[in-house]
Amino acid sequence: MVTTEIAEKIKRLEEKYSAMGQNLSSYLDGLLYADYLTYWDYIQLDVLLNLQHPRTPIPDENIFIIYHQITELYFKLTLQAIDQICQAPELSATVFTTQLKRINNYFRNLINSFEIMVDGMDKEQFLQFRMALLPASGFQSGQFRMIEICSTRLQNLVYEPQRADLINSELNTVLDNIYWRSGATELATGKKTLTLRQFELKYMGPFLDLATRYEQRNIQSAYLQLPEADRQAIIPLLKEYDLNINVRWPLMHYKSAVRYLHKKPEDIVATGGTNWQQYLPPKNKRIVFFPELWTEEELNNWGKLAMGE
């Protein structure tokens, strides 16, 4: 029996498909023969569970792979939330609040879960399988670099002593001086590591395109376009965002590196060539997305309190 409610829905469907030059009857045939959707098909579970391809037979390598895959999925969610702020037709405190809370939750989960990396693997197993992964490194996370680019003025991603010389520079020049490039250079020669050369070959073009698109519409710029009253309401969320990404997250990586790697320069090879002892500590990088939100004292002590100093 066709109820009034069903008849109304059929009418609306006819109007919808007619507007697109389509025939509703054909779509109803498809619905008639289509199988029911299952959970495992919807989330592509079989594909997901077969995305791990260890390079060694060492069991804990699977932990390493899966954790990094989970991390990249959180980064994807973060970029989606950033896009919903920066590309919103109309900026508002409501849009900022909703999406910043999501991002902070994503990073809070990542930070709190890093014990999986710090204490969740056998040290000897890690040192064995990690050498089979060279020159790959978490340094090569393109999505994390995209989060940085979309969050702030590109000049804020340059080490502070160099910023004044780049104030009026083209974006490609600023990108050439971005802070993380110095984190993957050989200590003895100052030459780029293979890790960095591979990364630049894949991503520098897309990074420049992204920086161009977000130059006037990054999180920092969008925040400064809000009315003063709206700005005040989201400052705590922005400060948490800044700390999560620029202090707490790299600090967890630093703790993991300390746990698994010796502190001698010759052992840097196990990180794909990245100079993690200088590059990872937040107090050394002092990268801040929203410097206007912090006092001079807070900026001068950036990351130090979190490291127990």
Side-chain angles (χ1 to χ4, degrees), residues 71 74-86 88 91 93-114 138 141 143-163 174 178-180 183 207 210-211 214-226 228 230-255 279-309:
T71 298
Y74 271 115
F75 288 168
K76 183 174 183 178
L77 289 173
T78 298
L79 286 167
Q80 176 177 289
I82 289 173
D83 191 63
Q84 289 187 70
I85 294 173
C86 297
L91 289 172
T94 300
V95 171
F96 265 91
T97 299
T98 299
Q99 302 304 329
L100 288 174
K101 282 183 176 179
R102 291 180 182 180
I103 295 170
N104 286 333
N105 280 333
Y106 300 151
F107 269 87
R108 194 178 300 118
N109 284 340
L110 283 172
I111 292 160
N112 291 337
S113 71
F114 214 82
S141 172
Q143 286 199 116
F144 185 75
R145 305 306 172 196
M146 292 174 187
I147 290 170
E148 293 180 315
I149 290 170
C150 295
S151 294
T152 190
R153 293 177 66 248
L154 199 60
Q155 283 82 358
N156 288 335
L157 302 180
V158 174
Y159 284 124
E160 194 169 11
Q162 301 171 264
R163 289 175 197 163
V174 180
I178 200 163
Y179 80 94
W180 46 257
F207 286 165
L210 188 70
Y214 279 81
E215 183 178 14
Q216 303 299 329
R217 199 69 169 179
N218 53 68
I219 294 287
Q220 183 188 28
S221 297
Y223 159 73
L224 293 173
Q225 293 173 38
L226 288 173
E228 182 63 28
D230 286 349
R231 290 188 205 175
Q232 292 301 315
I234 63 172
I235 284 176
L237 293 171
L238 285 172
K239 293 179 80 170
E240 183 180 358
Y241 180 107
D242 221 346
L243 288 173
N244 280 341
I245 297 176
N246 290 316
V247 176
R248 295 167 183 146
W249 181 239
L251 183 57
M252 295 309 296
H253 282 77
Y254 179 77
K255 288 180 177 179
Y279 166 72
L280 285 177
K283 66 174 183 176
N284 292 352
K285 291 191 297 184
R286 290 184 60 184
I287 298 299
V288 184
F289 290 156
F290 317 112
E292 63 275 6
L293 303 184
W294 303 94
T295 66
E296 184 175 351
E297 181 180 2
E298 288 171 329
L299 292 173
N300 288 336
N301 291 285
W302 190 251
K304 289 185 179 180
L305 293 177
M307 296 187 71
E309 298 186 5

> Which pair of non-hydrogen atoms, one from Thr295 and one from Glu298, has the smallest distance, and what is that distance?
Replying inline: N-OE1, 2.8 Å

>> What's the separation between atom CD in Gln143 and atom CE in Met146, rounded to the nearest 0.5 Å?
In response: 6.5 Å

> Under the side-chain contact (heavy atoms from CB on, under 4.5 Å) test, which residues partner Lys101, sequence neighbours left out?
Replying inline: Thr97, Leu237

> How many angstroms lie between atom OH of Tyr223 and atom CD1 of Ile85, to the nearest 0.5 angstrom?
Replying inline: 13.5 Å

> side-chain contact (heavy atoms from CB on, under 4.5 Å) with Leu224: which residues, sequence neighbours excluded?
Replying inline: Gln220, Arg231, Glu292

> In terms of the angle between their ring planes, are Phe107 and Phe144 parallel, tilted or perpendicular, with boundaries placed at 30° and 60°?
Replying inline: tilted

> Hey, mind stepping through Leu243 and Trp294 against side chain to side chain contact (heavy atoms under 4.5 Å, CB included) and telling me if it holds?
Replying inline: CA-CA 11 Å; Leu243 288 173; Trp294 303 94; 3.7 Å; yes

> Would you call Ile219 and Cys86 a side-chain contact if the rule is heavy atoms closer than 4.5 Å?
Replying inline: yes

> Got Val288 and Asn156 here, is their nearest side-chain heavy-atom distance under 4.5 Å?
Replying inline: no

>> Checking Asp83 now: which residues fulfil side-chain contact (heavy atoms from CB on, under 4.5 Å) with it, not counting sequence neighbours?
In response: Gln87, Tyr214

>> Distance check, rounded to the nearest 0.5 Å: Arg163 atom CZ versus Leu157 atom CG?
In response: 8.0 Å

> Going from CD1 on Ile287 to CD on Glu160, what distance comes out if it is rounded to the nearest 0.5 angstrom?
Replying inline: 9.0 Å

> Quick one: does Asn300's side chain have a donor or acceptor within less than 3.5 Å of a partner on Glu296's backbone?
Replying inline: yes

> Taking atom CG of Leu77 and atom CD of Gln99, what is their separation to the nearest 0.5 Å?
Replying inline: 11.0 Å

> Can you list the residues that meet the ring pair (Phe, Tyr, Trp, His ring centres under 6.0 Å) rule with Phe290, with sequence neighbours excluded?
Replying inline: Tyr241

> Closest heavy-atom contact between Arg286 and Trp302?
Replying inline: CA-CD1, 3.6 Å

> Can a donor-acceptor pair be found between the side chains of Arg248 and Asn244 at a distance below 3.5 Å?
Replying inline: yes

> Do you know the tightest heavy-atom contact between Gly303 and Val247?
Replying inline: CA-CG1, 4.0 Å

> side-chain contact (heavy atoms from CB on, under 4.5 Å) with Gln225: which residues, sequence neighbours excluded?
Replying inline: Leu91, Arg217, Ser221

> If you measure from CZ on Phe75 to CD1 on Ile245, what distance do you get to the nearest 0.5 Å?
Replying inline: 8.5 Å

> Does Arg102 have any salt bridge (charged side-chain N to carboxylate O under 4.0 Å, His left out) partners at least two apart in sequence or in another chain, and if so, which?
Replying inline: none

> Okay, side chain of Asp242, backbone of Phe289: is any donor-acceptor separation there less than 3.5 Å?
Replying inline: yes

>> With ring pair (Phe, Tyr, Trp, His ring centres under 6.0 Å) as the test, pick out the partner of Trp249 among Tyr106, Phe114, Tyr74.
In response: Phe114

> Hey, does Leu226 have a side-chain heavy atom less than 4.5 Å from the side chain of Ile234?
Replying inline: yes

>> Is any side-chain heavy atom of Lys285 closer than 4.5 Å to one of Asn246?
In response: no

>> I need the minimum non-hydrogen distance between Ala88 and Val95, along with the two atoms involved.
In response: CB-CG1, 4.2 Å

> Quick check: does any side chain N or O of Asn218 sit under 3.5 Å from a backbone N or O of Glu215, one acting as donor and the other as acceptor?
Replying inline: yes

> Which heavy-atom pair separates Ile149 from Ala211 by the least distance, and what is that distance?
Replying inline: CG2-CA, 3.7 Å

